[in-house]
Q: 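One structure is given below, represented as structure tokens, and several questions about it will come after.
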Amino acid sequence: MTKLGLVLHRPPTLPREAFRQEYESSAPQADQHSIHLPLETDALRADALGQKPQRARCDALSFQWFADPKATPATPPSAVARADTYRLEEVVHWDRLGERPAGTTSPGIKMVAFVRRLPELSSSEFRERYLEHAEIAREHHPGIARYVQNFVIKPLSPDAPQVDGIAELHFATEADLTTRFYKEDASVKVVGADVVRFMTMRGSWSILATERVLR
């Protein structure tokens with residue numbers, strides 16, 4: 001399956017709730033499709049990581065899967081002012097959630113992280129170090145029920161910001177994020193020391209969102 005990631009931005013004049021309703025009712029057709037709706041503020045993530053709340057930098061995030069390996073995204077609904085689109089290679093490291101039926105909201109909450117590699121690393125070096133990070137996450141982030149790394153093959157939008165990876169961290173409950181994000185106090189340093197081996201904070205960002213499986 002070919003996987004595409006779309007970072008969606010609504011027109012400034014369209015209210016957020018109207019955007020969400022219009023997108024869900026007229027979403028582009030795909031063999032599989034999910035939409036992530038960011039929380040208004042990142043308060044939960046701030047609590048978990050000891051940071052200040054941040055407003056989401058997009059209005060929705062869409063993942064689309066196509067059986068056709070050359071598939072390109074369909075024309076987005078009129079509710080979408082801009083879509084930054086990326087062709088992805090998906091690596092599912094573990095999944096304790098199982099199947100999520102179409103038309104339902106997935107349990108819990110997701111953190112989706114947009115990762116930009118260190119400028120001194122090649123794409124292959126970034127890939128190697130980022131894959132190694134998955135084992136660090138497996139040990140030190142016990143609250144993650146489903147962990148997916150998406151490697152950006154290429155951007156499909158001419159003005160899409162540089163992104164080298166998109167991580168999906170799915171927590172089955174909010175408590176798994178707020179109380180079980182790290183295994184222990186020492187995990188904070190272990191994870192932090194590994195992240196700086198492949199990721200730059202300049203251009204990297206994340207959101208907390210709910211996931212809805214459209215089909």
Q: Using the side chain to side chain contact (heavy atoms under 4.5 Å, CB included) rule, pick out the option among Ile166, Leu88, Val115, Val91 that qualifies with Phe151.
A: Val91

Q: Checking side-chain polar atoms at under 3.5 Å, does Ser78 have a donor or acceptor matched by the opposite partner on Glu22?
A: yes

Q: Are Ile153 and Trp65 joined in one hydrophobic group, where the rule is that I, L, V, M, F, W and Y side chains link up if heavy atoms are under 4.5 Å apart?
A: no

Q: For the side chain of His140 and the backbone of Ala186, is there at least one donor-acceptor N/O pair under 3.5 Å apart?
A: no

Q: Using every non-hydrogen atom in the two residues, find where Asp95 and Leu97 come nearest and quote the distance to one decimal.
A: OD1-N, 2.8 Å

Q: Under 4.5 Å between side-chain heavy atoms, counting indirect links through other Ile/Leu/Val/Met/Phe/Trp/Tyr residues: same cluster for Val213 and Leu169 or not?
A: no

Q: Between Glu89 and Arg127, is there a side-chain N and carboxylate O pair less than 4.0 Å apart?
A: yes

Q: Please check: side-chain N/O of Trp94 versus main-chain N/O of Ile144, any donor-acceptor pairing under 3.5 Å?
A: yes

Q: Working note: Arg10 + Val80, criterion side chain to side chain contact (heavy atoms under 4.5 Å, CB included); need CA distance, chi angles, decisive distance, verdict.
A: CA-CA 5 Å; Arg10 63 185 168 89; Val80 178; over 6 Å; no

Q: Can you tell me if Arg116 and Ser204 form a side-chain donor-acceptor pair at under 3.5 Å?
A: no

Q: Distance-only, no hydrogens or angles: does the Asp176 side chain make a donor-acceptor pair with backbone N or O of Phe171 under 3.5 Å?
A: no

Q: Considering non-hydrogen atoms only, spot the tightest contact between Ser206 and Ala113 and give its length.
A: CB-CA, 3.9 Å

Q: Is Lys3 close enough and on-axis enough to Phe63, meaning under 6.0 Å and within 45°, for cation-pi?
A: yes

Q: What distance separates Leu118 CG from Met199 CE, expressed to the nearest 0.5 Å?
A: 9.5 Å

Q: List the steps and the verdict of side chain to side chain contact (heavy atoms under 4.5 Å, CB included) for Asp164 and Val152.
A: CA-CA 5 Å; Asp164 298 284; Val152 175; 5.6 Å; no

Q: Where is the tightest heavy-atom contact between Leu121 and Arg197, given as atom of each residue plus distance?
A: CD1-O, 3.5 Å

Q: Do Ser157 and Tyr86 get their side chains close enough for a donor-acceptor pair, meaning under 3.5 Å?
A: no

Q: Begin with the C-alpha distance, continue with both residues' side-chain angles, and end with the deciding distance and a verdict on ring-ring contact (aromatic ring centres under 6.0 Å, His included) for His141 and Phe181.
A: CA-CA 5 Å; His141 291 315; Phe181 187 78; 4.4 Å; yes

Q: Leu214 and Glu24: side chain to side chain contact (heavy atoms under 4.5 Å, CB included), yes or no, with the steps?
A: CA-CA 7 Å; Leu214 300 184; Glu24 288 198 38; 4.0 Å; yes

Q: What are the two closest heavy atoms between His133 and Asp194, and how far apart are they?
A: ND1-OD2, 2.7 Å

Q: Rounded to the nearest 0.5 Å, how far apart are CG of Leu39 and CG of Leu208?
A: 5.5 Å

Q: Calculate, to the nearest 0.5 Å, the distance between atoms CD and OG belonging to Glu99 and Ser106 respectively.
A: 10.0 Å

Q: Go through the side-chain N and O atoms of Arg82 and His9 and say whether any donor and acceptor fall under 3.5 Å apart.
A: yes

Q: Is Val92 reachable from Leu61 through a run of hydrophobic residues whose side-chain heavy atoms are each under 4.5 Å from the next?
A: no

Q: Would you say Val196 and Phe114 are hydrophobically clustered, going by side-chain heavy atoms of ILVMFWY under 4.5 Å?
A: no

Q: Mind listing the closest non-hydrogen atom pair of Ala167 and Tyr130 along with its distance?
A: CB-OH, 3.1 Å

Q: Keeping the roles fixed (side chain from Thr2, backbone from Asp68), state whether a donor-acceptor pair exists under 3.5 Å.
A: yes

Q: For Asp159, is the CG atom crowded, meaning more than 12 foreign heavy atoms sit under 6.0 Å from it?
A: no

Q: Measure the CD1-CG distance between Ile109 and Leu177 for me, rounded to the nearest 0.5 Å.
A: 6.0 Å

Q: Is any side-chain heavy atom of Trp205 less than 4.5 Å from a side-chain heavy atom of Pro161?
A: no

Q: Quick one, Cys58 and Ile207 - any side-chain contact, counting heavy atoms below 4.5 Å?
A: yes

Q: Under a 3.5 Å threshold, yes or no: a donor from one side chain and an acceptor from the other, between Lys110 and His36?
A: yes

Q: Taking NZ, NE, NH1 and NH2 as the nitrogens, is one of them in Arg129 or Glu120 under 4.0 Å from a carboxylate oxygen of the other?
A: no

Q: So, taking the atom named CD in Gln32 and the one named CZ in Arg100, what distance separates them when rounded to the nearest 0.5 Å?
A: 10.0 Å

Q: Counting C-beta onward and ignoring hydrogens, is there a side-chain heavy-atom pair between Glu211 and Thr105 closer than 4.5 Å?
A: no

Q: Return yes when atom CZ of Arg96 has more than 12 non-hydrogen atoms of other residues, nucleotides or ligands closer than 6.0 Å, and no otherwise.
A: yes

Q: Could you tell me which non-hydrogen atom of Ser62 sits nearest to which non-hydrogen atom of His33, and how far apart they are?
A: OG-NE2, 2.7 Å

Q: Same cluster or not: are Ile35 and Val148 linked, directly or through other Ile, Leu, Val, Met, Phe, Trp or Tyr residues, by side-chain heavy atoms under 4.5 angstrom apart?
A: no

Q: Backbone N or O of Gly103 within a donor-acceptor pair of the Arg212 side chain at under 3.5 Å?
A: yes

Q: Could you give the distance from CG (Leu37) to CZ (Arg20), rounded to the nearest 0.5 Å?
A: 4.5 Å

Q: Determine, stepwise, if the pair Leu156 / Leu4 fulfils side chain to side chain contact (heavy atoms under 4.5 Å, CB included).
A: CA-CA 9 Å; Leu156 299 180; Leu4 304 179; 3.8 Å; yes

Q: One thing to verify: whether Arg117 and Glu125 come together as a salt bridge, which I'm taking to mean a side-chain N less than 4.0 angstrom from a carboxylate O.
A: no

